[in-house]
Amino acid sequence: MKAVYFENHLLRILLTKLILRFNKNATLGRFSPIRFTEVAEPNMPNQSWLKVKNKTCGLCGSDIHMIFMEINPKCFPAAIPSVSKKYLGHELLSKVIEAGSNVHGLKEGDRVVLRIDWPSCFQMEFTPPCRQCNAGNYMLCENLGKVNLPTLDTGGGFSPFMIMHKSQPHKVSDAIDDDEAVLIEPTACAVHGVLKKKPEKGQSVLVIGCGTIGLLTIAVVKAFEPNTRVYALAKYRFQADAAMKIGADEIIFSDKDIYKKIARITNAEYFQGYLGNEILLGGFDIIYDSIGNDSSIKDSLRFTKAGGHVVILGVNLRPGKVDYTPIWYQEVHLLGTNSHATESDTKTTFEVATRLIAQKKVNLDGLITHRFNLEEFKDAMKTFVDKKESKAIKIVIDH
């Protein structure tokens, strides 16, 4: 079968990063650690696993970061022990075709999405589990690297078949159709981010970025607290239109006058110091940053009122320099999120996301804008990167 996977090979990573400066096609070249090639169809290693046939899989920004080697080997995640081969594609919808005798609650024909993509105590069957996994924070597992997974050749969402450990799948409700189901995982990410700092009635909220996660964050904020006023910071008109459709109250376009715009909206005081140093005294109650790069974090910290909250949902593996002085000077609360988890009410973010989707409290219509088959994977990547022309929001690979 055809599959896309990443080989954790430092020399290949460094060589590809160098070649990519001159040739953007190098990401799937012969020297790249990203392989798009034929592999053997996976088999279950024991009775605690199940095999699925993938129906469709969303192309996520984190996939693109890895494919184009947008990672600094000195960033924190790069030093975490990981598998030597990582199959890509986690925003998937699959159908169970075989389940081991130790797999309970799932049968052949059931639709599932992938709940735990990264290794944790659950897949490693580590006993006792670490304190984070025990608390349901499987993305923060402290036992990584201590026990090897039974197999490396699991397949992923960008292959027609894959295997999952019994701890990984989340069963999809019959109340949810296929196009809604493939958006459960990113919706769960938005739920986790919003629950890090849930807005209160009457507060003003800014969502930075109107890609899939940003748009879903807008929808989740409105589902939890309809009386929150939500502003969306968009780059393109098509993103602004999608943000308004999904629940934003007002759109702010990013330009050179952005600080003055936000000062007017929030009744903040605007000041400009030496060398174009712009700040606000006052600002939004909560900012959800779905981009998470140096520039957006810098702005988030400066767009937030004293004592306000910034929640980072975006993934950036090439950190540079960020002015962190607003954190202490304005006593801003900066919160990070890593995908999804079990929340304080013992419900997983997947359960919450599924409920919101099934009850139509989030409007997912029109979020899937482009569809490709697996053989067109390169075209899907190009469409993702060239959003200004393609007007892509969520791209999916259909099997």
Side-chain angles (χ1 to χ4, degrees), residues 61 190 193-194 197 199 202-219 221-222 228-316 318-336 387-389 391-393:
V194 174
K197 180 54 184 177
Q203 287 189 318
S204 62
V205 166
L206 174 66
V207 176
I208 294 182
C210 290
T212 302
I213 296 298
L215 294 171
L216 290 171
T217 299
I218 294 169
V221 167
K222 282 295 190 179
T228 300
R229 186 157 184 82
V230 179
Y231 296 81
L233 183 59
K235 188 174 182 180
Y236 304 118
R237 170 54 62 183
F238 77 90
Q239 293 177 329
D241 293 341
M244 291 298 292
K245 181 179 178 181
I246 210 164
D249 295 295
E250 190 170 330
I251 303 299
I252 309 171
F253 284 100
S254 182
D255 58 29
K256 64 180 181 179
D257 292 324
I258 184 65
Y259 277 78
K260 292 179 181 178
K261 287 182 181 178
I262 290 178
R264 289 194 295 269
I265 289 170
T266 62
N267 293 317
E269 293 293 333
Y270 167 84
F271 297 96
Q272 184 175 40
Y274 294 123
L275 304 176
N277 183 17
E278 295 178 290
I279 67 166
L280 302 179
L281 293 182
F284 291 99
D285 295 295
I286 306 171
I287 293 182
Y288 300 101
D289 181 359
S290 73
I291 298 174
N293 62 22
D294 293 353
S295 177
S296 67
I297 294 174
K298 172 205 163 189
D299 288 339
S300 294
L301 294 173
R302 292 172 180 234
F303 293 164
T304 309
K305 72 177 187 180
H309 292 75
V310 173
V311 181
I312 301 175
L313 292 92
V315 173
N316 175 33
R318 294 191 300 181
K321 294 182 179 179
V322 175
D323 173 21
Y324 55 81
T325 54
I327 297 174
W328 63 262
Y329 192 89
Q330 292 286 84
E331 298 189 359
V332 174
H333 301 271
L334 181 61
L335 302 169
K387 288 184 179 180
K388 182 178 180 180
E389 296 298 324
K391 296 180 171 56
I393 298 176

Nearest 0.5 Å, what's the [atom1]-[atom2] distance between [X] and [Y]?
| X | Y | atom1 | atom2 | value |
| --- | --- | --- | --- | --- |
| Ile262 | Asp257 | CD1 | CG | 11.5 Å |
| Phe284 | Gln203 | CZ | CD | 12.5 Å |
| Tyr324 | Leu334 | OH | CG | 13.0 Å |
| Leu281 | Lys305 | CG | NZ | 13.5 Å |
| Leu206 | Phe303 | CG | CZ | 7.5 Å |
| Glu331 | Tyr329 | CD | OH | 11.0 Å |

[X] side chain near [Y] side chain, heavy-atom distance below 4.5 Å:
| X | Y | result |
| --- | --- | --- |
| His309 | Leu335 | yes |
| Val207 | Leu233 | no |
| Arg302 | Asn277 | yes |
| Gln272 | Tyr259 | no |
| Glu250 | Arg229 | yes |
| Val205 | Asp285 | no |

Identify the two heavy atoms, one from [X] and one from [Y], that lie closest to each other, and give their separation to 0.1 Å.
| X | Y | value |
| --- | --- | --- |
| Pro199 | Thr228 | CB-OG1, 3.6 Å |
| Ala232 | Ile218 | CB-CD1, 3.8 Å |
| Ala234 | Ile251 | CB-CG2, 4.2 Å |
| Ala263 | Leu280 | CB-CD2, 3.8 Å |

| task | I would like to know whether Thr212 and Ile393 meet side-chain contact (heavy atoms from CB on, under 4.5 Å); could you show each step before the answer? | result | CA-CA 6 Å; Thr212 302; Ile393 298 176; 4.0 Å; yes
Strictly distance-based, threshold 3.5 Å: is any side-chain N or O of [X] a donor or acceptor partner for the main-chain N or O of [Y]?
| X | Y | answer |
| --- | --- | --- |
| Asp249 | Tyr231 | no |
| Gln239 | Tyr236 | yes |
| Lys387 | Gly211 | no |
| Lys261 | Phe253 | yes |

| message | Under a 3.5 Å threshold, yes or no: a donor from one side chain and an acceptor from the other, between Asp299 and Ser296? | response |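 Judged by distance alone, the side chains do not pair up.
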| field | Asp294 with Lys321: basic N within carboxylate O range, under 4.0 Å | value |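 Here Asp294 does not pair with Lys321 in a salt bridge, since their nearest N and O are not under 4.0 Å apart.
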| query | Taking NZ, NE, NH1 and NH2 as the nitrogens, is one of them in Glu278 or Lys260 under 4.0 Å from a carboxylate oxygen of the other? | reply |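 Here Glu278 does not pair with Lys260 in a salt bridge, since their nearest N and O are not under 4.0 Å apart.
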| request: Test Ser295 against Asn293 for side chain to side chain donor-acceptor pair (under 3.5 Å), laying out the working first. | output: CA-CA 6 Å; Ser295 177; Asn293 62 22; 4.7 Å; no
| field | Name of the residue among Ile213, Ile208, Thr217 meeting side chain to side chain contact (heavy atoms under 4.5 Å, CB included) with Tyr288 | value |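 Among Ile213, Ile208, Thr217, the one that satisfies the side chain to side chain contact (heavy atoms under 4.5 Å, CB included) with Tyr288 is Thr217.
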| field | side-chain contact (heavy atoms from CB on, under 4.5 Å) assessment of Val311 paired with Asp289 | value | CA-CA 6 Å; Val311 181; Asp289 181 359; over 6 Å; no
